[in-house]
Amino acid sequence: MTVGAMKFKAVLLFGEPGCGKGTQGAVLGGFPHVRHLAMGDIFRAMDKESDIGQEFLSYSTKGLLVPDELTVRVWRSHVDGLVSGGHLDPSHHTLLLDGIPRTIEQVGLMKAHIDVVRILHLVIRDRDVLVGRLKGRALKGNRPDDADEGVIRARLRVYDESTAPVLSSFDASVVVEINADQSPFAVLRDIAGHMASCLSDTI
Ligand code: ADP
């Protein structure tokens, strides 16, 4: 099979900005047979002077989503690079996807590339907790989209309008809710239980 046609088994880390997907993904990506891929990280690692890098910034600094086809193309080309470099093998690895698919259109486009075996929905019901977490993250890192409360609120609105519908487009039996308003260790414990059951045949 050619690299670009390979299909992957995938677990989705799903939830609003600030729910802790990145923290959990970074840990779980260190497990054998798991590869954590965060769409935001893939975009941020691009050359900021390139056309695509500039296009990404024109959306992300306003809290808006990058267009669907471009996003999936960038994701696939990143994945193909990992496969060609020998870092990723669909017969060996399950993808732990963070931040993609993020719209109903992306669900359709990603069907050619992934089979979703589980969606881990990290839930924090209090929006002020999310905003507080994102502002805290801005103090530590290089995320201009976390520094401005207006941009943070815009991202939460985009989540409600475009991303939340992704959840109901999947069969409910695939989705599990995780209480993300607990310590990162407790969230990890809850996620690990689900990973153990859905990846029992590979790990
Ligand atoms: P957060 O989850 O905190 O919003 P991310 O790092 O996942 O942060 O995304 C940062 C930005 O990258 C988004 O606001 C958006 O502009 C862009 N982005 C990331 N993933 C996608 C996606 N699947 N589709 C479109 N744009 C995306």
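Keep in mind that what you see is a predicted model, and the values were worked out from it rather than measured. In each ligand, atom 1 is the first atom listed, and ligand 1 is the first ligand listed.
- Within a 6.0 Å sphere centred on CG of D51, heavy atoms belonging to other residues, nucleotides or ligands number 12 at most.
- Ranked by closest heavy atom to atom 4 (O) of ligand 1, the top entry among R102, E16, R137, Q106 is R102.
- Judged purely by atom type and a 3.5 angstrom limit, K62 uses its side chain to pair as donor or acceptor with the backbone of S58.
- In this structure, the protein non-hydrogen atom closest to atom 27 (C) of ligand 1 is F43 CE1, 3.7 Å.
- Ligand 1 has no nitrogen or oxygen under 3.5 angstrom from a nitrogen or oxygen of D98.
- Close approach of ligand 1 to R155 is summarised as follows: ligand atoms under 4.0 Å from at least one heavy atom of the residue are 1 (P), 3 (O), 4 (O).
- Looking only at protein heavy atoms, the nearest one to atom 26 (N) of ligand 1 is V66 N, 3.0 Å.
- Every atom of ligand 1 with a heavy atom of G99 under 4.0 Å away is listed here by number and element: 20 (N), 21 (C), 22 (C), 23 (N).
- Applying the 4.0 Å criterion to heavy atoms of S60 picks out, from ligand 1, the atoms 16 (O).
- Using a 4.0 Å cut-off between charged nitrogen and carboxylate oxygen, D115 and K7 count as a salt-bridge pair.
- The environment of CD in E69 is sparse: at most 12 heavy-atom neighbours from other residues, nucleotides or ligands sit within 6.0 Å.
- For a threshold of 3.5 Å applied to N or O pairs, the pair formed by Y59 and ligand 1 contains no separation below that value.
- In this structure, R137 does not pair ionically with D145, as no charged nitrogen and carboxylate oxygen lie closer than 4.0 Å.
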Does D41 form a salt bridge (Lys or Arg N to Asp or Glu O under 4.0 Å) with R44? I'd like the steps, not just the answer.
CA-CA 5 Å; D41 291 345; R44 278 185 292 277; 3.0 Å; yes
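- Remark: minimum distance from atom 8 (O) of ligand 1 to any protein heavy atom is reached at R143 NH2, 3.1 Å.
- Of the possible polar contacts, none joining the S84 side chain to the G81 backbone as a donor-acceptor pair under 3.5 Å is found.
- Remark: ligand 1 atoms within the under-4.0 Å shell around heavy atoms of K21 are 2 (O).
- Applying the 4.0 Å criterion to heavy atoms of G40 picks out, from ligand 1, the atoms 5 (P), 6 (O), 9 (O), 19 (C).
- Residue L120 comes nearest to H194 through the heavy atom pair CD2-CB, 3.8 Å, listed as atom of the first residue, atom of the second, then distance.
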Could you walk me through whether R153 and D128 satisfy the salt bridge (Lys or Arg N to Asp or Glu O under 4.0 Å) test, starting with their C-alpha distance in whole Å, then the side-chain angles of each, then the deciding distance to 0.1 Å, before giving a yes or no?
CA-CA 10 Å; R153 298 270 175 201; D128 292 334; 3.6 Å; yes
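- Checking L130, L65, T61, L64 against atom 16 (O) of ligand 1, the nearest heavy atom belongs to L64.
- Atoms of ligand 1 lying under 4.0 Å from at least one heavy atom of R44, given by number and element, are 6 (O), 10 (C).
- Of the residues listed (R155, K135, R133), the one engaging D146 in a salt bridge (charged side-chain N to carboxylate O under 4.0 Å, His left out) is R155, and it is the only one.
- Listed by number with element, the atoms of ligand 1 under 4.0 angstrom from any heavy atom of M39 are 20 (N), 21 (C), 23 (N).
- Heavy-atom separations between F56 and ligand 1 include at least one value shorter than 4.0 Å.
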